[in-house]
K.L.:
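Please read through the structure below; I'll follow up with questions.
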Amino acid sequence: MIINEIYKMRVRTTAILLFLLLLMVLFLAFRDFAIASVARVPENVEESIPKIFRKMLGSGLAELAERLKEDDFYLWSQWLGKNFGQFVPFVALIISFPLFAREKEKKTLYFLLTRKTRKEVYVSKVLSGALMLVLILISMTILPFLITKILGWDISLSKLPAYCLQVTAGGLTFYALFLLFSILSKDQVKPMILGIMVLVGDAFLGLLGRLEVLNLYPYIMGKNVFYEGKMQWNYTWGSTAAITFFVVLGWIIFKNQDF
């Protein structure tokens with residue numbers, strides 16, 4: 001049944017991979033343009049940027065332009081820390097939101113439950129979505145490192161395992177939460193809207209003082225891995241606990257639902 005569920009996801013999985021591959025090609029091809037664009041920004045412009053956006057920017061524009069010339073920094077900041085990293089939760093949403101909601105909307109869940117138990121249906125859907133998500137996240141984390149290494153960039157591969165683990169743990173946390181939305185919904189629109197609200201809301205939690213700890217984007221983007229060379233184990237264990245909680249809660253709800 002897991003193979004059948006994976007087959008159902010072939011279109012959106014292929015579309016996601018093609019989009020990310022295109023994004024990766026642009027990221028590699030426009031490196032010189034990106035560096036030149038940042039370098040051309042006048043120094044006084046940075047002072048006119050609202051404080052909230054300067055905080056998101058991090059380092060100054062002049063410093064950023066110089067650091068972008070470093071192969072390792074460019075790869076991390078423009079891929080994991082930007083283009084790919086910010087899309088990880090969105091990929092989790094695209095994979096998860098139709099898993100249960102679409103079956104309810106199209107009334108096909110009744111047919112599934114006449115052939116399989118609720119536990120078999122739940123496990124197959126949860127695992128198939130998780131497997132496809134992990135495949136996408138791991139491949140799109142490793143591939144840019146391998147390509148840039150082949151191209152002769154001065155790239156360190158020592159941090160790659162930590163990047164992979166944090167991207168996967170963070171992505172699966174969002175996946176488990178969005179899966180819960182799908183279980184609770186009878187159509188595909190509601191889990192999508194709720195998921196987008198979570199994506200936007202979580203990004204802005206990083207600007208709200210004490211609530212900053214709930215912002216998973218820096219963890220997914222491997223900020224600590226790059227700057228300090230170490231895993232954020234507190235977030236990793238926290239993500240593991242959150243994933244377990246959402247999956248178990250989802251099963252309890254699904255097991256007792258009336259369709």
Side-chain angles (χ1 to χ4, degrees), residues 5-6 9 12-13 15-17 19-20 23 56 79-102 122-123 125-142 162-185 188-208 211-225 231-254:
E5 289 295 332
I6 291 175
M9 292 187 286
R12 64 179 183 273
T13 301
I16 291 170
L17 283 171
F19 171 76
L20 291 175
L23 201 64
M56 294 173 67
W79 184 247
L80 287 171
K82 184 182 177 184
N83 292 305
F84 176 59
Q86 66 189 1
F87 277 108
V88 168
F90 186 71
V91 172
L93 177 60
I94 296 299
I95 292 291
S96 62
F97 85 89
L99 286 175
F100 291 91
R102 182 176 58 184
Y122 186 77
V123 170
K125 284 186 171 294
V126 172
L127 284 182
S128 59
L131 286 172
M132 295 310 295
L133 177 62
V134 170
L135 174 65
I136 293 171
L137 298 183
I138 293 295
S139 61
M140 296 310 300
T141 301
I142 293 176
Y163 287 139
C164 288
L165 183 56
Q166 293 197 179
V167 165
T168 303
L172 285 175
T173 303
F174 280 104
Y175 169 79
L177 176 59
F178 298 151
L179 197 68
L180 189 60
F181 295 160
S182 184
I183 293 168
L184 291 168
S185 303
Q188 299 182 75
V189 176
K190 291 177 183 176
M192 174 61 84
I193 293 175
L194 287 172
I196 292 174
M197 290 173 63
V198 169
L199 297 184
V200 176
D202 192 56
F204 279 93
L205 285 177
L207 305 172
L208 298 179
L211 293 178
E212 184 178 3
V213 69
L214 298 176
N215 179 14
L216 287 181
Y217 283 94
Y219 172 71
I220 290 173
M221 295 173 177
K223 184 176 180 180
N224 273 51
V225 176
M231 284 277 301
Q232 287 183 280
W233 286 108
N234 55 337
Y235 273 90
T236 302
W237 296 124
S239 293
T240 303
I243 293 165
T244 303
F245 173 76
F246 291 137
V247 171
V248 171
L249 179 60
W251 164 241
I252 293 172
I253 294 172
F254 182 72

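Keep in mind it's a predicted model, so treat the numbers as computed, not measured.
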K.L.:
So how far is it from Ser96 OG to Phe181 CZ, rounded to the nearest 0.5 Å?
P.N.:
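Rounded to the nearest 0.5 Å, the OG-CZ separation comes to 9.5 Å.
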K.L.:
Restricting to ring-ring contact (aromatic ring centres under 6.0 Å, His included), what partner residues turn up for Phe100, sequence neighbours left out?
P.N.:
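Phe100 satisfies ring-ring contact (aromatic ring centres under 6.0 Å, His included) with Tyr122, Phe254 once adjacent residues are dropped.
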K.L.:
How many angstroms lie between atom CD1 of Ile95 and atom CG of Leu133, to the nearest 0.5 angstrom?
P.N.:
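Here the interatomic distance stands at 6.5 Å.
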K.L.:
Does the side chain of Phe97 reach to within under 4.5 Å of the side chain of Phe178, using non-hydrogen atoms?
P.N.:
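SC-SC contact between Phe97 and Phe178 ruled out.
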K.L.:
Any side-chain heavy atom of Thr13 sitting closer than 4.5 Å to one from Ile6?
P.N.:
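Sidechains of Ile6 and Thr13: no contact.
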K.L.:
Test of understanding: with side-chain hydrogen bond (donor to acceptor under 3.5 Å, both in side chains), list the residues that count as partners of Thr173, not counting sequence neighbours.
P.N.:
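Thr173 satisfies side-chain hydrogen bond (donor to acceptor under 3.5 Å, both in side chains) with Ser239 only.
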K.L.:
Of all residues at least two apart in sequence or in a different chain, which pass the side-chain hydrogen bond (donor to acceptor under 3.5 Å, both in side chains) check with Ser185?
P.N.:
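Once residues adjacent in sequence are excluded, Ser185 has no partner under the side-chain hydrogen bond (donor to acceptor under 3.5 Å, both in side chains) criterion.
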K.L.:
Would you sort out whether Ile183 and Trp251 count as a side chain to side chain contact (heavy atoms under 4.5 Å, CB included), showing the intermediate values?
P.N.:
CA-CA 9 Å; Ile183 293 168; Trp251 164 241; over 6 Å; no
K.L.:
Might you point out which heavy atoms bring Ile138 and Cys164 nearest each other, and give the distance in Å?
P.N.:
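Smallest interatomic distance, heavy atoms only, reads CD1-CB, 3.8 Å.
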K.L.:
In Å, rounded to the nearest 0.5 Å, how long is the span from OG1 of Thr244 to CG of Leu249?
P.N.:
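These two atoms lie 12.0 Å from each other.
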K.L.:
When you compare the side chain of Gln232 with that of Val225, does any pair of heavy atoms fall below 4.5 Å?
P.N.:
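Val225 does not reach Gln232 side chain to side chain.
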K.L.:
CE of Met140 to CZ of Phe87: how many Å apart, nearest 0.5 Å?
P.N.:
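So the gap between those two atoms works out to 11.5 Å.
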K.L.:
side-chain hydrogen bond (donor to acceptor under 3.5 Å, both in side chains) with Tyr163: which residues, sequence neighbours excluded?
P.N.:
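None.
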K.L.:
Rounded to the nearest 0.5 Å, what's the gap from CD1 on Ile243 to CG on Leu172? Could you check?
P.N.:
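It comes to 5.0 Å.
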K.L.:
Using every non-hydrogen atom in the two residues, find where Ser182 and Ala101 come nearest and quote the distance to one decimal.
P.N.:
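Heavy atoms only, the tightest pair is OG-N, 2.9 Å.
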K.L.:
For the residue pair Val198 and Phe174, establish whether any side-chain heavy-atom pair is separated by less than 4.5 Å.
P.N.:
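Contact flag for Val198/Phe174 side chains = yes.
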K.L.:
What residues, two or more places apart in sequence or in another chain, satisfy ring-ring contact (aromatic ring centres under 6.0 Å, His included) together with Phe90?
P.N.:
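With neighbours one apart ignored, the set is empty.
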K.L.:
With distance as the sole test, does Tyr235 use its side chain to make a donor-acceptor pair with the main-chain N or O of Val213 at under 3.5 Å?
P.N.:
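At least one qualifying donor-acceptor pair exists.
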K.L.:
So how far is it from Met231 CE to Asn234 CG, rounded to the nearest 0.5 Å?
P.N.:
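These two atoms lie 9.5 Å from each other.
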K.L.:
Could you tell me whether the side chain of Leu99 reaches within less than 4.5 Å of the side chain of Tyr175, counting heavy atoms only?
P.N.:
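Result yes, sub-4.5 Å side-chain heavy-atom pair found.
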K.L.:
What heavy-atom pair brings Leu20 and Trp79 nearest, and what distance separates the two atoms?
P.N.:
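Shortest heavy-atom separation between Leu20 and Trp79 comes out as O-CH2, 3.6 Å.
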K.L.:
Take Phe84 and Thr141 through the test side chain to side chain contact (heavy atoms under 4.5 Å, CB included) and record every step on the way to the result.
P.N.:
CA-CA 8 Å; Phe84 176 59; Thr141 301; 3.5 Å; yes
K.L.:
Using side-chain heavy atoms (C-beta onward) and a distance below 4.5 Å, is Tyr217 in contact with Asp202?
P.N.:
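Counting from C-beta outward, Tyr217 and Asp202 do come under 4.5 Å.
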K.L.:
Could you list the residues that satisfy side-chain hydrogen bond (donor to acceptor under 3.5 Å, both in side chains) with Gln188, not counting sequence neighbours?
P.N.:
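Expected list: Glu105.
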K.L.:
Is there a side-chain contact between Leu194 and Leu184, using heavy atoms and a 4.5 Å cut-off?
P.N.:
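No, their side chains stay 4.5 Å or more apart.
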